[in-house]
Amino acid sequence: MSKYYVNKFLYTIDRDPEWVARYKEDPAATIDRWEKEVGIWLNSAEKTTWLSFTEEERRALIDYDYEWLFAYGAHFFLYLTLFIGLFADDWAEEKGPLSYQLEWARRLAPWIGKPYPSVAL
Amino acid sequence: MAELTAVLASTHHPFYLKATTAPAEERMPQADEWKRKVEAYRETLTAAEPDILVMVGADHFHQFFLDNYPTFMIGKQQKYDATFYNEEREFGIPKYVLDGDVDLSNFMHQGLLDEGFDFSFSHELKIDHSIICPIITVRPDADLPVVPIYTNIFAPPLPSPKRFWDLGRAIRKIIDAYPSDKKVAAIGTGHLSLELGGPLMFGEHGPDPEFDAQAIEWLSTGNIEAILENVTHESMAGSGNATHGFMDLILMMGIAGPENADYVDQLDLYHTREMFMTWYPNKNDKMAEAAARSAAGVGAVTGPMYAAKAGATA
């Protein structure tokens with residue numbers, strides 16, 4: 001069930017500028033804090049008691065590892081949007097327009113012609 | 001009864017505004033052509049003189065998430081806020097407040113239930129770029145009330161292509177039966193072949209130019225038989241992992257019916273191909289003239305666009 005939790009992390013971080021800034025600054029600490037303040041909450045009063053990350057999911061989020069997230073079937077729209085928000089401008093300044101996105105596509109090239117992992121849960 | 005004066009089906013490209021308002025030295029080479037084509041397309045809506053816009057889009061995980069994702073949903077408000085923080089951040093799209101039309105929302109919702117579509121509904125819907133992009137392109141004054149309809153083209157399992165067509169047919173029936181003297185236009189956006197987060201994204205063209213040309217022919221000839229024979233969830237995935245947004249274009253063709261389109265244009269861009277299509281279900285001279293005038297200025301056509309002529313990599 002934790003693929004849902006990975007998606008929940010990406011979704012709730014991406015929609016809030018403060019969480020986006022924290023995740024860029026210190027991903028490991030932000031993930032710990034997010035679990036306590038956001039992840040385990042269904043709403044402000046109700047908890048979801050059984051959701052958690054595996055060690056590998058936690059590592060992939062700490063490393064912004066889109067290759068792993070793609071292979072895992074996390075929803076592409078969530079981490080594409082968030083990671084572009086985190087890194088694309090820095091890369092563009094240093095290496096030219098779209099350089100982050102094109103490097104991403106290049107690193108996933110081994111998937112061309114193969115069925116992609118499903119984003120269904 | 002209300003008159004459905006235009007049906008517009010187009011791609012929505014969130015970078016249009018940014019690309020066409022960037023300083024000259026930062027502009028992509030096709031920005032000016034893109035702008036001319038969009039402004040010409042806009043005239044096909046203006047000529048239809050709509051009073052209300054029924055707008056079809058899909059929430060891209062902005063308001064709705066996997067804890068509760070609606071398959072088909074209608075907004076029922078007097079006002080709609082639009083544009084989320086992360087859309088401003090990534091695309092530079094401004095915030096809007098659009099008027100709603102509660103009477104048509106209610107009539108549409110009941111009509112959909114009666115037609116066998118058990119819609120979810122919202123009284124606090126915030127609209128995302130799938131509906132704001134066409135406001136920016138074809139009604140930038142944002143001066144008309146809207147009835148927003150959202151579909152799931154995004155979080156599997158998805159409804160079938162046939163279900164999108166049938167939903168379009170049902171929406172048409174309901175608009176035609178709406179007891180009002182107002183003119184209604186239906187505007188929906190989706191995608192041709194599209195890849196997001198995978199190896200084929202941000203390429204020189206869309207991920208499957210051959211599919212794009214074929215899809216434009218199918219849509220512009222109202223050829224639902226060919227679409228239902230050839231387009232499946234699996235075939236769309238083979239054209240690019242986010243190609244399922246094509247089903248919203250099938251829905252729009254469902255509103256128009258199995259008819260030739262009255263205006264068709266396209267533009268091959270990096271990452272994805274743009275398509276601009278209009279049907280006039282009750283065409284008059286003014287509409288025909290507007291379509292002809294627009295088409296002449298930008299190389300669009302006032303009838304079907306066939307795959308062989310569009311070319312796979314035109």
Heavy-atom distance under 4.5 Å to chain A: side chain of B:E26, backbone, both or neither? neither
Name the region of B:E88, side chain, backbone, both or neither, that has any atom closer than 4.5 Å to a heavy atom of chain A. neither
Taking the basic N atoms (NZ, or NE/NH1/NH2) and the acidic carboxylate oxygens, is any pair closer than 4.0 Å for A:D14 and B:R89? yes
Would you compute the distance between atom [atom1] of [X] and atom [atom2] of [Y] and round it to the nearest 0.5 angstrom?
X: B:M201; Y: A:L80; atom1: CE; atom2: CG; result: 5.0 Å
X: B:D67; Y: A:N7; atom1: CG; atom2: CG; result: 11.5 Å
X: A:I84; Y: B:N86; atom1: CD1; atom2: CG; result: 11.5 Å

What heavy-atom pair brings A:W104 and B:G197 nearest, and what distance separates the two atoms? NE1-O, 3.1 Å
Shortest non-hydrogen pair, B:P199 vs A:F70, comes out as CD-CZ, 4.2 Å
Using 30° and 60° as the class limits, which term best fits the ring planes of A:Y11 and B:F61: parallel, tilted or perpendicular? perpendicular
Heavy-atom proximity to chain B below 4.5 Å, by part of [X]:
X: A:Y116; result: side chain
X: A:D16; result: backbone
X: A:L98; result: side chain

For [X], does the [atom1] atom sit with more than 12 other heavy atoms under 6.0 Å from it, leaving out its own atoms?
X: B:K126; atom1: NZ; answer: yes
X: B:F121; atom1: CZ; answer: no
X: B:Q78; atom1: CD; answer: no
X: B:K18; atom1: NZ; answer: yes

Side-chain ([X]) to main-chain ([Y]) donor-acceptor, under 3.5 angstrom:
X: A:W111; Y: B:G198; value: no
X: A:H75; Y: B:L66; value: no
X: A:R15; Y: B:H62; value: yes

So which of B:Y270, B:F154, B:F84 has the largest heavy-atom pair count under 4.5 angstrom toward chain A? B:F154
Between B:P157, B:P156, B:A237, which shows the greatest number of heavy-atom pairs under 4.5 Å with chain A? B:P156
Ring pair (Phe, Tyr, Trp, His ring centres under 6.0 Å) between A:Y100 and B:F202, worked out: CA-CA 11 Å; A:Y100 178 72; B:F202 292 103; 10.0 Å; no
For chain B, which candidate among A:T48, A:L108, A:L121, A:L69 shows the most heavy-atom pairs at distances under 4.5 Å? A:L108
